[in-house]
Amino acid sequence: MSAPPSLPKRFEAAPAEARWYREWLARGVFHAAADDPRPPYSIVIPPPNVTGSLHLGHALNNTLQDLLCRHERLRGRNVLWMPGTDHAGISTQVVVERELKKEGKTRQDLGREAFVNRVWEWKARYGARIVAQLQALGASCDWERERFTMDPGLSRAVREVFVRLYHEGLIYRSEYLVSWCPRCATVLSDLESPFQPVAGKLYRIRYPLADGDGAIEVETTRPETLLGDTAVAVHPDDARFRHLVGRHVRLPLLGREIPVVADRFVDPEFGTGAVKVTPAHDPNDFECGRRLGLPSINVMNPDATLNANAGPYEGLDVAQARKAVVEDLDRGGLLAGVKDHEHEVPHCDRCETLVQPLLSEQWFMRMKPLAEPALAAVREGRVRFHPKSWENTYYHWMENIRDWAISRQLWWGHRIPAWRCGACSEWTVVADDPERCAHCGSSDLAQETDVLDTWFSSALWPFSTMGWPDDTPELRRFYPTNVLSTAFDIIFFWVARMIMMGLHFMGEVPFREVYIHPLVRDEKGRKMSKSKGIGTDPLDVMAIYGADAMRWTLASLAAQGRDIRFGMETVEGGRAFVTKLWNAARFALLNLGDLDPAAPREPRGLYDRWIRSRLDAALAEAHAALEVYRFNDAASALYQFCWGELCDWYIELAKPALQAADAKQRRATQQTLVEVLSGTLVGLHPFMPFVTEEIFYALPGHDGRLVVEHAYPEPASALDPVETAAMETLLAVIAAVRRVRGELGLPPSLDVHLTLPTAARALLGDHLASIASLTRAAEVRFSDAEPPVEAAVTLAGGFRVQVEVGDKKHLGEERRRLEKALEMLEKDLSFASKKLDNPDFIARAKEAVVAAERTKRERLVAEREALRERLERIVAAQGSSA
RNA sequence: AGGCACGUAGCUCAGUGGGAGAGCACCACCUUGACACGGUGGGGGUCGGCGGUUCAAUCCCGCCCGUGCCUACCA
């Protein structure tokens, strides 16, 4: 590609983005070789679901990861950013089923194989779309290594892990109470069965004692489930019931004798303090039943009608059964009361049907033994969270961890590598499809139809993507990865499980740090959600403002511990900054036409060395901020430098020098412009890769390497204290004069004459032209003569600065200005005096603080005297002229 | 119910034990040869409320009010 001769008036983002991304890929700059000797830096992408396309939350997360990767690349590391996507079992299956429904078909119509093929087609389409979105964003992923959770290699890892854990006794099969949607005829995860408020009733029912008089009363919202009761439970410390524990009650309607048991899950404060226990139809009761070894009686069919265990109520649906049971109880005198009761009940996320807890056989992973080392890893700082407060979330979950139900009744996913023998009913669990039963040798084997929970394969992502279970160069080079950047809501589902699996199978944590990025909300503060249709497509944002502007904006907003409220207009600031940078570069290029890149370096002037030192400071600050994931601080440091120092000051100071007759001075300035602009581009590149590349390529004297192939500049020597003082004074004087102009209402076209005291000559003697240029003064001179009454006087950097316009028209404004300034001074002075007059302050405050306060007071007093004197002169002059 | 955040300028948000900042918006002036997606200057805040610790609190502690989230769900 050829360099544009100069920069066009406007930056055209879209073509530049496409061009540079292509060029990066062509040059292979994102590929990380396992045998590269440079120190490695690695990140695995949180694999987006192939369910749909990415929203701004993904854009944020991937912008930040890209930022880190590009930053580390510029620091000379061998950076691997491992990309890929996740098959997202249930979500993807559901969206494809929805597609099918439009054709009037169900997955059952197609059959498992044909249905799975349909899902693969979907995956191909959306997987490609996601990659396109990431590339549009500028993501510097190593695409040669792109992975998908159902790739053969990753599927092999899944099988290997399942088989090993099974034989270690960490995976088992057991009956469990699952959330079942009777309408969808499928198991739901907790996430898919959100609680919704329901206006129900609380029924108080009398359970007579089996051996003697009296009864225990219990309360329930679902009276029909009493048909499956196998106990009544009370709290072990509840004195009211202690004498009843171990005795039996007679179950109303069915007459079965069931025991009274004690369990701590019972809240003595609620209702009667006694609760019916239905292990087959309530999660709490199920746990209780397990603890106490109670039987489970399932009274419900999968379609939510009652089964034969319900005796006379068989065949009724839940609502009918409730009505019948309540009537019968009432008739039998066992209904002790009914009252309204609002409560929260899980509903199917997709069809709103009331979810029923249902007993079924599932595969489980035993979590305690895996959680212990993972807990220790975070406690001992081998994995660190940013912000650190998320560690509490992690601890809380890990300390209360329960076994993980890993099987799903789905078709899309990793089919469980377990075969049941038709002859002996035993399970054979092996990595490769078996010929015969491991127990009896029979060849009558049938593979488990369930698939694994999606998170099972996601948990292996940091090492399965690098070729595990083989011992690969990639694993040795890039595992553990440096950081995982992700959202807080999957700390349990994903982060914790990766740490457990990484420790168990690799013997090492999967990442040293976890960065939890902010949540992106819409302008109304709502969480972005694909399913609810709330969300902005990053491609839409980039089409309007450009990828760089969007990236910059997102990074600038990524403060620790707070969500991002995102409206389209938010990006306008980012775009303005991109444009500002672009125009600064245009200015430079307009003045670099005659610069011979091979010319020897001229000695630098003060401004040149100053701006260079400011660049170094900004780069250092940005680097320090990025080290601790303070992206907004890094952005802010670079922004302030680029706009507030380079554009506002250096470029303005450089203008006279560029017009100067002195060729050496001109050349020094040109060389500094190139040097500092290049450094700025490198510094900004991680945030805005495209525009920096575009400008960099247009700068003279580059060696054909792109920004992406460069390194951060080594810091130059810093300014000495005298030079620093000169710069600070210079800028303060200019600002002071501008302020006077503004406050007196002097139009920019009006000539002013400036006078500085001769004492300022040492610092400012070389800079009169600059002062004149930046204040639009006709003349700047040194003199200690008493200023004429019509001169405006201000103080800057410890010097008195006179501004003269040549007439007395502004005397009134000047008087008001001085009065206001004096008022402010008095206020500051009284604060300082109040402190210094307090003996406790002198005695107890740090010495430096006291000294600073004294200096401040002295300065304020001197300034006050100077301004008072001026004010008196003006008052006198006005009095005499009136 | 428990836990965790948050409450700072009109808006969106940074920030620190020593009288508070940015961007946008607002006001005034400026079509100056990089840039009006711009320049120069300016106005604007009891830093949610009440107590406490401290020489000093917007910052640390307690309580309260408001908002959001997470976890557990009371059958």
Side-chain angles (χ1 to χ4, degrees), chain A residues 7 9-11 195 202-203 218-222 225 233 265-267 269-272 274-278 282-285 288 341 343-346 387 389-390 392-393 396-397 400 488-489 491-492 519 521 523 525 527 545 549 553 556-557 559-567 569-570 572-591 630 632-633 636 639-640 644 647-648 651-652 655 734-735 738-749 773-776 827-828 830-832 834-835 838-846 848-850 852-853:
Chain A
L7 295 178
K9 191 138 174 74
R10 295 180 75 91
F11 171 56
F195 284 85
L202 201 52
Y203 302 87
V218 303
E219 288 195 328
T220 179
T221 54
R222 295 190 298 158
T225 61
F265 93 97
V266 182
D267 176 6
E269 305 292 317
F270 187 87
T272 62
V275 60
K276 59 195 273 316
V277 181
T278 324
D282 182 276
N284 264 323
D285 297 0
C288 174
H341 181 70
H343 58 141
E344 304 259 324
V345 184
S389 54
W390 290 110
N392 292 331
T393 306
H396 180 260
W397 190 68
N400 299 291
F488 74 89
D489 54 351
I491 290 176
F492 305 151
L519 195 69
R521 300 176 175 279
E523 50 273 82
K527 191 174 166 176
Y545 297 102
T553 304
S556 308
L557 294 173
Q560 305 267 304
R562 203 196 282 239
D563 297 347
I564 293 177
R565 198 174 284 211
F566 186 93
E569 329 74 55
T570 317
E572 282 169 13
R575 182 181 56 181
F577 184 43
V578 171
T579 307
K580 187 72 178 175
L581 178 67
W582 180 259
N583 283 313
R586 283 185 66 230
F587 168 80
L589 285 167
L590 288 173
N591 288 282
R630 302 182 67 96
N632 60 320
D633 287 347
S636 156
Y639 179 91
Q640 273 178 36
C647 292
D648 287 351
I651 285 182
E652 294 307 322
K655 281 174 181 173
I734 291 167
R738 285 170 169 174
R739 210 171 301 128
V740 168
R741 285 195 90 120
E743 287 171 1
L744 294 188
L746 309 179
S749 51
S773 160
L774 271 68
T775 61
R776 315 206 57 179
K827 218 167 117 190
D828 288 350
S830 78
F831 278 127
K834 203 171 125 195
K835 278 189 187 176
N838 179 356
D840 283 333
F841 175 72
I842 306 292
R844 302 196 187 221
K846 276 173 282 188
V849 173
V850 177
E853 210 61 35

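Residue numbers begin at 1 in each chain, while the letters A, B, ... track the order of the sequences. Keep in mind that what you see is a predicted model, and the values were worked out from it rather than measured.
With C13(B), A75(B), G38(B) as the candidates, the nucleotide lying closest to the side chain of Val275(A) is A75(B). The side chain of Phe488(A) lies closest to C70(B), out of G19(B), C70(B), A34(B). Side-chain proximity of Arg738(A) to G19(B), G23(B), G41(B): nearest is G41(B). Of the candidates U40(B), A34(B), A75(B), A34(B) carries the atom nearest the Leu590(A) side chain, counting heavy atoms from C-beta on. Of the candidate nucleotides C69(B), A14(B), A75(B), C69(B) has the atom lying nearest to any side-chain atom of Arg521(A).
The backbone N or O of Thr775(A) lies less than 3.5 Å from a partner atom in the side chain of Arg741(A), making a donor-acceptor pair. Counting only distance, with no hydrogens or angles, the side chain of Thr553(A) and the backbone of Ala549(A) share a donor-acceptor pair below 3.5 Å. Judged purely by atom type and a 3.5 angstrom limit, Arg586(A) has no side-chain atom pairing as donor or acceptor with the backbone of Leu581(A). In terms of modelled atom types and a separation under 3.5 Å, the side chain of Asp285(A) and the main chain of Thr278(A) share a donor-acceptor contact.
Among the atoms of the strands shown, base atoms are found under 4.0 Å from some heavy atom of Arg776(A). The residue Glu219(A) sits close to a base: some heavy atom pair falls under 4.0 Å. Within 4.0 Å (heavy atoms only), Phe577(A) reaches no atom of the nucleic acid at all. As judged by a 4.0 angstrom heavy-atom cut-off over every strand, Ala584(A) is placed among the base-contacting residues. Residue contacts shown for Pro748(A) are limited to sugar-phosphate atoms, with no base heavy atom under 4.0 Å away. Backbone-only engagement by Arg739(A) is indicated by non-hydrogen atom pairs under 4.0 Å involving sugar-phosphate atoms exclusively.
Relative ring orientation between Tyr639(A) and Phe577(A) is described as tilted, the plane-to-plane angle lying within the 30° to 60° band.
A gap of 7 Å separates the C1' atoms of U16(B) and C59(B), to the nearest Å.
In terms of polar N and O atoms assigned as donor or acceptor, the side chain of Glu569(A) never comes within less than 3.5 Å of the base of A25(B) in a complementary pairing.
Taken together, the paired segments of RNA chain B that extend over three or more consecutive Watson-Crick or G-U pairs, each closer than 3.5 Å at both contacts, are B:1-7 with B:65-71, B:10-13 with B:21-24, B:26-30 with B:38-42, B:48-52 with B:60-64.
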task = Kindly determine whether Phe488(A) and Leu519(A) satisfy side-chain contact (heavy atoms from CB on, under 4.5 Å), including the steps that lead there.
result = CA-CA 8 Å; Phe488(A) 74 89; Leu519(A) 195 69; 3.9 Å; yes

Where do N or O atoms of nucleotides 51-57 of chain B meet protein N or O atoms at under 3.5 Å, pair by pair?
from	atom 1	to	atom 2	distance (Å)
C55(B)	OP1	Arg844(A)	NE	3.1
C55(B)	OP1	Arg844(A)	NH1	2.2
C55(B)	O2'	Asn838(A)	ND2	2.9

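The side chain of Arg630(A) places an N or O atom within less than 4.0 Å of a non-bridging phosphate oxygen (OP1 or OP2) of G15(B). Close to A34(B), at under 4.0 Å from its OP1 or OP2, lies no side-chain N or O of Lys9(A).
Where Val266(A) and Leu557(A) each meet RNA chain B at their nearest nucleotide, the meeting point lying more 5' is that of Leu557(A). Residue whose closest nucleotide on RNA chain B sits further toward the 5' end, between Trp397(A) and Ala585(A): Ala585(A).
Proximity of Glu743(A) to Val740(A): side-chain heavy atoms (C-beta onward) are nowhere separated by under 4.5 Å.
In this structure, Lys834(A) fails the cation-pi test against Phe841(A), since its NZ or CZ atom is not both closer than 6.0 Å to the six-membered ring centre and inside 45 degrees of the ring normal.
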